[in-house]
Every structure is written in C-alpha cells, then in structure tokens.
Amino acid sequence: GVLPPEKHPRRLSQAVFANGKVYWVGGRALPGASPIDMDPLHPEPGLEIGKQYFENRQGGFSIYDVATDTWSAAKYDQTGPQGLSWRGSGICSEDNCGGSGSYPGGSQTIVYDYDDDGTKEIFIHGGYPTWDAAFYFYDPDIDTWDRIYPIWDLALDGLMCQYLGVADVDERTGIAYCYGGNYWGATKNTFACCNLRTGEWTVLPKGPVEVLFTVGGVVNGKLYVIGGTQDNVAASTGIWEYDIDTETWTGKVADLLVGVSRATVAKYNGKFYVVGGKNADNLDVTDIQVFDPVTKVVTKVGDLPVAMSEHGAAIDTNTGIMYAGGGSHDNSYENTTQWFKADIDVTPLTWTAMPEDPAYFPYVDWVTGDETITGTVTLFGQPVPNVRVGMTLKPNAGADPLWTVYTDENGEYTLKSPYNKPGGGSHVYVAPWLDGFKSVDQEVNVPAGGTVTVDFALDTLINKDIAPTNVGC
C-alpha cells in the first residue's frame, strides 16, 4: 500500500493572525504534487496507487500557536484542525469538487468577530473555484468550517469566485468589500460588498483600475488596493483609495517604492505592510514596504530573511511580531514549509526560524489499500441485497459515508479500507443504510494487509423494535 505524502505545502493564500495564532489555509499546491489518477484496485505495474487531486484548490489548513510554539495541521487521518472543504464539512475528498478547498490569493482572508463573543472568526472570500462567490467561514471555538452567503443570483453578472483580488472588512460596520481579481465580473475592476452579519450583498460601481495578484484592505473607513498587475502591467506601484463613507474613489494616492505582484499584506498600527512579492523582472524580493494611509507615504522597514512570493505574512498587533513563510522562497519553484518571525518595531530586523509548517496532505480518500472489510447484511435474519454499506473516518458512516458499496444478491459486501495509520493499517467506521431502519456504526481496526469480517443485522426500525411479519413479501 501507499501512504499519502507527509508534506503538501501550499502557496497563494493569505496568512492572518487572530486569537494568539497564525492561520494559513488554502491556496495552491504544485502541478504534479498529487499522484496520478488510476484504478486503485488494479494498478498498472510501477505506478503509484492513488488519485489525482487538483493543485489549484487546496484544502490544507495549518495553525501556529504562539503560546506553545507549535503547529497543527489538517491531516488525511482527520487529526488536527478541520480542512477547508467545498461543502463546509471539514472532510476533504477528491469527489468534493475535485479535491475540495480554494485558492484565494494573498489578500482575501478576513478576521472579524462577527458574533461579538471575543473570538475572531476567519472569513475567506471566494477563491478558485467557488462559483457561487460564497465565503468560507471558520469558527475557532468549535473547529468548524462552513460556506455562507452565496450569491447565485449575482453570478449571472459574472460575480463568481473572486481570486487574486482584495477582500477586507470595515470593522465599524461589518461590511466586507471585495474588489478586482479574476472571475469577479466581466472585468478585473468589479466591486461588491457583503454584510458579514446578515449576508446581504450589494454590487458597487466598477473601480478605476483593473487588478490581479494585488493586495490591500480597509483602514479608517477607506479601502486601499496596492500593487499587483494593474491594467495589465505586472508589478505595478500604484496605491488606490476608495472612501467608504462617501462611496467615491479618491484615485491613486501613492506609489510603492518597489512595484510587486504576488506579495502579501498585513495591517499594523493603521498601516499596511506589503511583504515580499515578485518584481518587474519576475524575481522574488525581500522588501517589506510600509504604506501610511494618513501621510500617504511609503517607506521600507527592512527585509525578509529570504526573498518570498505567493507566501503568507501576519502580524500580532499586540506584540508587533511578524510571522512570514510558506509559498516560494528565493525564486524556487517548490513550495516551502519554512517560516520565520521578527519584531517589526525593532530595526534592523532580526529574524528567527520557526518550527516548520507540517503542511500535511489533507485529503481523506487518498488511497484504497490492501486491507479488507467484508460481511453480510441481514434483514430480520435473512440476507438482503442492494443495501448501501458506508465507510468513513469518523462516526455516522451510514448517513454520511466517504466510500460506499452495495450488498450483492447474497447480502454480502466487500470494502477496501484506506491506509490512515503510519506504516499501514486502517481505523474506520462502517455502517449499513436502509431507509426506515436504525444505522449503527461499527468501529473497525484492520491490521496492515489484513481482513476483518463485520456482519450487520437490520432488525430495528427507527425509534422502535418490531417483530418481523411476512419478511420477503
């Protein structure tokens, strides 16, 4: 059997800091980073057992806890935090929109305490391929993802999955402003906003510049769109301002010192920190540029320890510590798991290496292994055909399975369970499903290469036991 890759690092997402932690979720893997698509039960000689997962819609989710100096990450065995799944279940699987997940780019992840409970929730707007422009919503208190506020009615105008644009919230009102990027209207200057408390969407007039691979956000009642590809010019310097209160564009108010695309951004003390990116020569840079919206002045605070692009960077606003990593380092085509931290208020900046992001492979249906679960399903003591038998990695296998088979004419079934234990072996839940009858999970541990027999007796109607009458008639 073949275990999933231990590392599956990502790029082109936005790291954010909230609740004493760095959150780094979604993005892109590398082409070819996933196994080839093939029949796992009949592999061709020399080929790896597995499935194909799209590299441009990742479900990986890593959290760095400052207090413990440790990472946790969503893993194929469903340990760690829930992964970013298209249906909001936290279960990442190939049949879940071609690999589940989303890649939003470096400036579409929002932290906002929408329910005023003292914990900041995570909102990711759209990202490829979220065709209904919904937000992915993560509640850290219960480790649960959901998809909220889809806008199918507006999708007719091309407002579909916005990615590589800007999305941020005006904390005074709870309204998120979403500007530019791909698949956000017919042009890359499309503009809309959504009330994160009510889900009400409003389409706004188009802005003055088309953007892609840009960054920005909201500070003091104004939205800023910074750098990126502007009107088809890569690594632009322009900084554009929109006044939320007057609903008007001020226009271009400043320029970066170094034009960059594929950078990331963090807000601190009312200023924007534009971190790394690719310059006009398409090379990763180390520059950390600071834009002050009050003075409209851009300065350079220092350099990253290595050149980065398509990476993450977030600042703890209580301490001024910046955390930066992931993505591309020093123009490498490979995604990295390396992260660094520095006090952004103390110059020259002194960087310290952090523990590496575990960047686990999050997809639970990587492989059908050599382990076998077999058995018979009976209905009031008699074998019954065409009963669905489900298997999953968590309870509720009957109603919400990840894998299913149906019993044959003799009431027999065979499941090939996934490798989800180091070194092989499986720990799964199995249950039959027949409408009207109670489905009870059986927790099953299968040794590497082994076979386990699990029989099921359907003799309990939902909510009451009955004696059989005229079985089979």
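- Residue Tyr23 places its OH atom among more than 12 non-hydrogen atoms of other residues, nucleotides or ligands, all under 6.0 Å distant.
- Here Leu283 contributes atom CG and Lys278 contributes atom NZ; the two are 7.0 Å apart, rounded to the nearest 0.5 Å.
- Within a 6.0 Å sphere centred on NZ of Lys271, other residues, nucleotides and ligands contribute 12 heavy atoms or fewer.
- Judged by distance alone, with hydrogens and angles left aside, the side-chain atoms of Thr214 form a donor-acceptor pair with the main-chain N or O of Gly227 at under 3.5 Å.
- Applying the salt bridge (Lys or Arg N to Asp or Glu O under 4.0 Å) criterion to Lys120, with sequence neighbours excluded, gives no partner residue.
- Side-chain atoms of Gln230 and Ser236 form no donor-acceptor pair, as typed in the model, at a separation below 3.5 Å.
- Side-chain N/O atoms of Lys7 and Thr337 include no donor and acceptor closer than 3.5 Å.
- The closest donor-acceptor contact from the side chain of Gln289 to the backbone of Val258 lies under 3.5 Å.
- Of the possible donor and acceptor atoms, none in the side chain of Tyr149 sits under 3.5 Å from a partner among the backbone N and O of Ala133.
- Side chain of Asp330 to backbone of Ala307: a donor-acceptor contact under 3.5 angstrom is found.
- Side chain to side chain, Asn396 and Tyr429 fail the donor-acceptor criterion of an N or O pair below 3.5 Å.
- Salt bridge annotation for Arg262-Glu310: present, with a cationic side-chain nitrogen under 4.0 angstrom from a carboxylate oxygen.
- In terms of the salt bridge (Lys or Arg N to Asp or Glu O under 4.0 Å) criterion, Arg10 has no residue partners (sequence neighbours excluded).
- Tyr242 meets the side chain to side chain donor-acceptor pair (under 3.5 Å) test with no other residue; sequence neighbours excluded.
- Phe213 is linked by a ring-ring contact (aromatic ring centres under 6.0 Å, His included) to nothing, counting only residues two or more places apart in sequence or in another chain.
- With sequence neighbours excluded, the residues satisfying salt bridge (Lys or Arg N to Asp or Glu O under 4.0 Å) with Asp303 are Lys300.
- No side-chain donor-acceptor contact under 3.5 Å links Asp143 to the backbone of Pro81.
- No side-chain donor-acceptor contact under 3.5 Å links Thr70 and Asp65.
- If you check the side chains of Thr187 and Asn189, you find a donor sitting under 3.5 Å from an acceptor.
- Looking at Thr264, its side chain does come within 3.5 Å of a backbone N or O of Gly106 through a donor-acceptor pair.
- Between atom CD1 of residue Ile321 and atom CG of residue Asp343 there is a gap of 4.0 Å, rounded to the nearest 0.5 Å.
- Between Lys21 and Asp316 there is no salt bridge, since no side-chain nitrogen of the basic residue lies less than 4.0 Å from a carboxylate oxygen of the acidic one.
- Scanning for salt bridge (Lys or Arg N to Asp or Glu O under 4.0 Å) contacts around Lys252 gives Asp255, with sequence neighbours left out.
- Under a 3.5 Å cut-off, the side chain of Glu121 and the backbone N or O of Tyr138 do not form any donor-acceptor pair.
- Neither side chain, Thr144 nor Asp139, offers a donor N or O lying under 3.5 Å from an acceptor on the other.
- Here the straight-line distance linking atom CZ of Phe135 with atom OG of Ser102 works out to 12.0 Å at 0.5 Å rounding.
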